[in-house]
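Numbered from 1 within each chain, the chains take letters A, B, ... in sequence-line order.
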Amino acid sequence: MEERYIPGKVEEKWQRYWAERDLFKTDMDPERKKFYCLEMFPYPSGKIHMGHVRNYAIGDVIARYKRMHGYNVLHPMGWDAFGLPAENAAIKEGIHPARWTYENIDYMKNQLKKMGLSYEWSREVTTCDPEYYKWNQWFFLKMYERGLAYKKVSFVNWCPSCLTVLANEQVIDGRCWRCDSAVIQKELEQWFFRITEYAQELLEGCDRLKGWPENVVAMQKNWIGRSEGVEMDFPVDGFSEGIRIFTTRPDTLWGATFVCLAPGHPLSERLVTDRSRLDEVKKKYGKMEEKEGLFTGHCAINPMNNERIPIYIANFVLMEYGTGAIMSVPAHDQRDFDFAKKYGLPIKVVIVPEGSVELPSELNAAYEDEGILVNSGHFSGLRSDEARKKIGEYIEERGIGKRVINYKLRDWGISRQRYWGTPIPVVYCGDCGIVPVNEEDLPVILPEDVSFTGKGGSPLLDSEEFLKVPCPRCGKIGKRETDTMDTFVDSSWYFIRYCSRKDEDALDREKISYWMPVEQYIGGVEHAVLHLLYSRFFTRVLRDLGIVEFDEPFTNLLTQGMVCKETLRCPEHGWLFPEDVHDERCKRCGSPVIRGRVEKMSKSKRNVVDPDRMIERYGADTVRLFSLFAAPPEKDLEWSDKGVEGAYRFLNRLWSIVYKNRDLISGLVDEKSFDLSKISAQASSLLRKTHQTIKRVTTDIEREFHFNTAIAALMELVNEISGFEKGNNDEDLHVLRYSIVTTLLLLSPFCPHITEELWEALGCKPSILEQRWPEWDETIAAEEELELVIQVNGKVRSKVMIPAGLSDERIKGIVLDDQRTRKFIEGKTIKNIFVVKGKLVNIVVDGY
RNA sequence: GCCGGUGUGGUGGAAUUGGCAGACGCGCCGGACUCAAAAUCCGGUGAGGGCAACCUCGUGUGGGUUCGACUCCCACCACCGGCACCA
């Protein structure tokens with residue numbers, strides 16, 4: 001190889017080398033400690049973007065680093081291959097979703113290979129493969145058997161553009177997570193997974209997720225949303241059954257002046273005579289804009305004070321939470337207050353702020369804080385918290401209610417009225433009703449001969465062959481379920497599938513128990529409540545099915561920040577590509593360009609950088625290096641073309657240093673220990689720096705994966721190597737070789753190709769990735785001489801060099817002798833001297 | 001509104017338990033090489049003052065603890081993210 005660094009050539013050579021020797025293949029080995037390193041698998045959208053590059057670069061460094069520490073590392077990759085874009089492509093371009101998906105996978109796999117990622121491709125998972133989704137169906141059947149999968153009518157989030165139902169987790173600010181259309185509420189019959197069954201366990205588990213970022217844990221807790229309160233029945237005039245309400249504020253029970261039912265509440269139909277008015281309120285259900293209500297004409301009895309209070313249907317009451325009915329306390333709840341004002345209902349104060357006698361007679365807002373109870377029978381005078389406890393007990397003693405816990409978490413709606421997903425394995429029979437498909441008939445295969453018009457519901461409705469099937473129970477012709485599963489079902493267990501190869505048993509207990517859980521999971525924070533919560537739920541279901549024997553799938557989670565870039569705007573032409581700009585002006589109209597904010601890369605804002613082009617120009621090593629160096633992994637990263645060039649320069653420098661010294665050191669035998677008396681001061685310093693660098697790189701990676709500072713340390717070492725001049729002895733060359741070889745080893749997880757090449761150029765036997773991670777010697781790393789900082793009253797006044805390991809007394813002596821220091825302490829009384837070992841001395845003097 | 005996070009040079013970001021603020025990189029300035037440029041290499045680079053050795057100020061704002069605070073405590077401001085009629 002000639003002396004010029006040509007990244008493309010080097011990278012192709014080593015990628016082939018690794019592939020030919022299958023160096024990333026792993027097998028279960030109970031003798032070795034395992035490490036499961038996983039990055040969130042991508043949706044095969046067509047091309048990878050910089051967010052992928054960053055995600056996989058981080059994962060690859062960790063996998064390679066752990067491998068060099070002797071771990072048996074599982075590092076797989078796959079495809080979250082079902083989903084809407086494939087179907088939209090079919091409608092728009094007439095290409096079948098399967099073909100579209102597999103072509104994208106081919107292309108993207110090739111891109112990933114060019115990045116030099118250490119994946120074991122024989123474990124590749126593709127979720128649209130019947131061999132994979134068969135197990136989705138199998139889990140569904142098992143869950144159905146146990147009542148964890150069920151069908152119910154409810155209001156659901158409907159995306160009018162995607163023409164499908166969305167889970168609560170997929171609605172962001174009232175809009176579809178995928179296409180951003182406004183989501184509407186629709187009453188439909190849907191399949192659900194009973195995730196609420198695990199609400200408490202999922203919540204408790206949060207506290208044990210020590211290796212997860214706090215904000216993600218907080219978001220999950222928040223989403224599960226536990227609250228404690230009481231449930232009690234309010235009897236209804238002229239009806240035998242009462243209205244069961246839930247409240248977290250039993251201390252305000254005496255202030256309840258009306259009762260509200262959710263529009264979908266079973267009693268609402270029976271209490272309301274005017275159907276059209278009810279439908280009107282229903283239409284406004286869940287709408288945040290305005291409160292809408294309808295008096296039922298009936299009254300309920302407040303069991304605490306036996307007052308008759310009116311019953312309303314109100315659009316702001318949710319059927320899905322609590323009991324679907326509330327007692328309304330307008331004096332102490334702003335929503336009830338607004339409603340009471342609108343409909344002229346009485347407002348009764350039962351809590352006053354502690355220390356004050358009463359609230360103003362005309363409230364203009366609800367008093368929602370805690371306080372002292374008034375007008376509340378014999379509970380008057382108690383503080384809210386005491387009252388809640390006592391009233392809870394009182395209610396239970398009298399048998400009129402009970403203390404309960406409620407969760408915001410709703411069951412997971414998994415039905416999707418779309419084609420490109422896992423068919424739900426159920427048949428509807430005229431006689432038998434809902435009948436699950438027999439296990440041995442799995443998979444229910446998605447028919448391929450369907451047409452995509454984009455109109456009139458799922459293409460599956462047109463497939464006679466798929467639709468008309470004999471009932472698995474009685475054999476009579478029934479109708480197959482045409483809804484498919486939410487793709488989040490696919491990604492809820494893919495990490496388990498990786499434990500065995502494609503042709504092996506998908507649920508091999510032994511392999512799963514060896515490889516799981518995932519020691520390190522890496523991905524975007526956007527899945528904080530979606531995928532990550534579903535996976536925790538699924539893992540528990542699989543545990544209860546006896547397939548796995550752990551609760552949490554991901555021990556450590558790293559949520560990497562977004563990849564951002566500066567945006568450019570022209571007042572005339574909007575967002576601009578960098579190439580549309582010349583001399584700070586828009587090329588088209590000459591207007592001065594507005595340098596916009598640094599924002600997440602997006603096509604619409606024209607601030608994307610294409611990984612292919614970057615890799616072609618600088619090589620994967622440079623792209624990896626820059627994306628790891630520019631920011632710590634959990635923070636947002638600002639892409640900078642100049643920064644990339646800086647990374648490229650660094651690799652070129654390393655390359656030329658190695659080749660400059662190659663003839664001198666390539667023939668030498670590797671040594672790890674040196675006779676310090678034989679080497680020059682420069683070599684001794686380089687040796688020390690090398691050991692310090694091993695230590696810094698290692699601890700920076702161990703401590704929260706701070707690759708940016710680890711790389712900075714390597715740059716410092718390379719700077720020192722570059723300035724190194726050997727003394728008049730041959731031993732110095734051994735130090736130089738040791739230092740360069742160590743640099744290559746430390747850099748190899750970040751930049752695997754160039755380090756392999758240089759490793760080989762120095763006469764070392766490939767592959768560098770099979771080497772052990774270097775170790776440092778604390779005594780060599782320690783400085784012989786330290787720079788002691790001298791402060792007087794906390795201000796730095798002087799610095800002196802001292803030998804390491806002096807006693808405090810000796811140090812004080814040296815300090816007080818120091819010329820510069822004396823200027824500041826002369827004629828003053830020394831009150832105290834603080835010595836920080838090996839670092840600093842602070843002299844406290846009077847009269848300063 | 002509730003929950004979480006962030007705030008440091010021209011810029012991306014460093015600073016282990018409270019102990020030299022600004023590592024490393026980018027940019028900029030100066031120099032070497034060159035007919036010239038690019039590339040490369042060397043040096044400088046928080047602000048203000050001084051010919052200088054040096055001095056003063058400086059981590060969003062105000063206070064506190066401490067010999068000593070980017071770091072700990074209290075209050076506030078700004079920005080970012082999540083949730084939000086959840087009774």
Side-chain angles (χ1 to χ4, degrees), chain A residues 172-174 213-223 225-227 229 245-249 252 260 262 286-291 314-318 320-329 332-336 338-339 368 406-410 525-526 528-529 561-562 598 625-626 629-632 634-647 649-650 652-653 656 696 699-700 703 706 708-716 718-719 722-723 787-799 820 823 831-845:
Chain A
I172 293 139
D173 283 336
E214 277 177 46
N215 62 330
V216 174
V217 175
M219 278 160 78
Q220 292 225 348
K221 281 186 176 174
N222 226 311
W223 190 262
R226 177 190 154 110
S227 55
I245 62 98
F246 169 73
T247 180
T248 54
R249 292 293 301 270
T252 64
C260 289
K287 288 248 164 111
M288 294 177 202
E289 296 90 52
E290 209 186 340
K291 294 194 171 37
N315 68 334
F316 70 92
V317 179
L318 305 171
E320 288 79 15
Y321 185 74
T323 58
I326 58 166
M327 63 155 188
S328 286
V329 186
H332 305 294
D333 183 294
Q334 191 57 41
R335 296 157 300 180
D336 297 346
D338 296 341
F339 193 86
E368 293 185 314
N406 259 311
Y407 301 91
K408 286 187 202 171
L409 184 70
R410 313 284 163 72
V525 74
E526 65 271 19
V529 280
M562 297 181 297
V598 174
L625 187 68
F626 172 74
F629 176 63
E634 72 281 2
K635 279 204 177 181
D636 286 352
L637 177 152
E638 186 187 336
W639 193 266
S640 140
D641 294 335
K642 294 285 187 187
V644 179
E645 292 200 20
R649 254 199 302 273
F650 170 72
N652 272 293
R653 239 150 71 77
S656 60
R696 267 189 69 190
T699 51
D700 283 354
R703 179 173 57 95
H706 281 187
N708 55 332
T709 52
I711 292 166
L714 279 165
M715 286 173 169
E716 283 184 53
V718 170
N719 286 344
S722 151
E787 193 185 45
L788 184 73
V789 174
I790 304 171
Q791 296 183 334
V792 178
N793 284 358
K795 286 202 164 95
V796 180
R797 294 305 183 186
S798 179
K799 292 175 185 180
R820 266 177 297 188
K823 263 184 11 199
K831 286 171 73 182
N832 212 340
I833 301 179
F834 293 85
V835 180
V836 182
K837 271 250 168 304
K839 270 187 186 162
L840 174 145
V841 171
N842 190 12
I843 307 167
V844 186
V845 296

By nearest-nucleotide position on RNA chain B, the 5'-leaning member of A:A647 and A:G794 is A:A647
Nearest-angstrom distance, C1' atom, B:G7 to B:G12: 15 Å
Side-chain donor/acceptor of A:K839 to base of B:C20, under 3.5 Å: no
Reckon A:K799 touches a base, only the sugar-phosphate, or nothing at all at heavy-atom distances under 4.0 Å? base
Taken to the nearest 0.5 Å, the spacing of A:K795 NZ from A:N842 CG works out to 11.0 Å
Taking the six-membered ring of A:F316 as reference, does the NZ or CZ atom of A:K291 fall below 6.0 Å from its centre and within a 45° cone about the axis? yes
Can you check the A:R410 CZ to B:C83 P distance for me, whole Å? 14 Å
B:A38 to B:A32 separation - P atoms, rounded to the nearest Å: 14 Å
Just to be sure I understand the rule, does A:Q334 reach a base, reach only the sugar-phosphate, or reach nothing, if contact means heavy atoms closer than 4.0 Å? nothing
Atom pair distance, as rounded to whole Å: CD in A:E645 and P in B:G12: 19 Å
Looking for any heavy atom pair under 4.0 Å, which part of the strands does A:D636 touch: base, sugar-phosphate only, or nothing? sugar-phosphate
How is A:V525 classified with respect to the nucleic acid when contacts are heavy atoms under 4.0 Å: base, sugar-phosphate, or nothing? nothing
Any idea which of B:A87, B:A15, B:G5 is nearest the A:F316 side chain? B:A87
Under a 3.5 Å cutoff, is there a donor and acceptor pairing between the side chains of A:N406 and A:S227? no
When you measure from the side-chain N and O atoms of A:N708 to the phosphate of B:A23, is any distance below 4.0 Å, counting only OP1 and OP2? no
With a 4.0 Å cut-off on heavy atoms, is A:D336 in touch with a base, just the backbone sugar-phosphate, or nothing at all? nothing
Quick one: is B:A87 close enough that its OP1 or OP2 comes under 4.0 Å of any side-chain N or O from A:S227? yes
Just to be sure I understand the rule, does A:V844 reach a base, reach only the sugar-phosphate, or reach nothing, if contact means heavy atoms closer than 4.0 Å? sugar-phosphate
Assigned chi class of B:G46 under the 90° convention is anti
Can you find a side chain N or O atom of A:R703 that sits less than 4.0 Å from OP1 or OP2 on B:A15? yes
From the candidates B:C26, B:A87, B:C67, the one with an atom nearest any side-chain atom of A:K642 is B:C26
Just N and O in the side chain of A:R797: are any of them under 4.0 Å from OP1 or OP2 of B:U56? yes
Looking at A:R696, I'd like to know whether one of its side-chain N or O atoms comes within less than 4.0 Å of OP1 or OP2 on B:U16. no
Give me the distance, rounded to whole Å, that separates B:U8 from B:G58 when you measure between the C1' atoms they each carry. 10 Å
When rounded to the nearest Å, what value does the distance between P atoms of B:A23 and B:A14 take? 13 Å
Rounded to whole angstrom, note down the C1' distance from B:C55 over to B:G5. 39 Å
Hey, is A:E716 close enough to A:R696 for a salt bridge, meaning N to O under 4.0 Å? yes
Name the nucleic acid region contacted by A:T248, choosing base, sugar-phosphate or nothing; use a 4.0 angstrom heavy-atom cut-off, strictly under. sugar-phosphate
Closest to the A:R649 side chain, choosing from B:C24, B:C41, B:U40: B:U40
Classify the nucleic acid contact of A:G225 as base, sugar-phosphate or nothing, counting any heavy atom under 4.0 Å across all strands shown. nothing
Would you mind classifying the nucleic acid contact of A:E320 as base, sugar-phosphate or nothing, using non-hydrogen atoms under 4.0 angstrom? nothing
Which nucleotide, B:A87, B:C57, B:C20, lies nearest any side-chain atom of A:T247? B:A87
Give me the distance, rounded to whole Å, that separates B:G49 from B:A53 when you measure between the C1' atoms they each carry. 14 Å
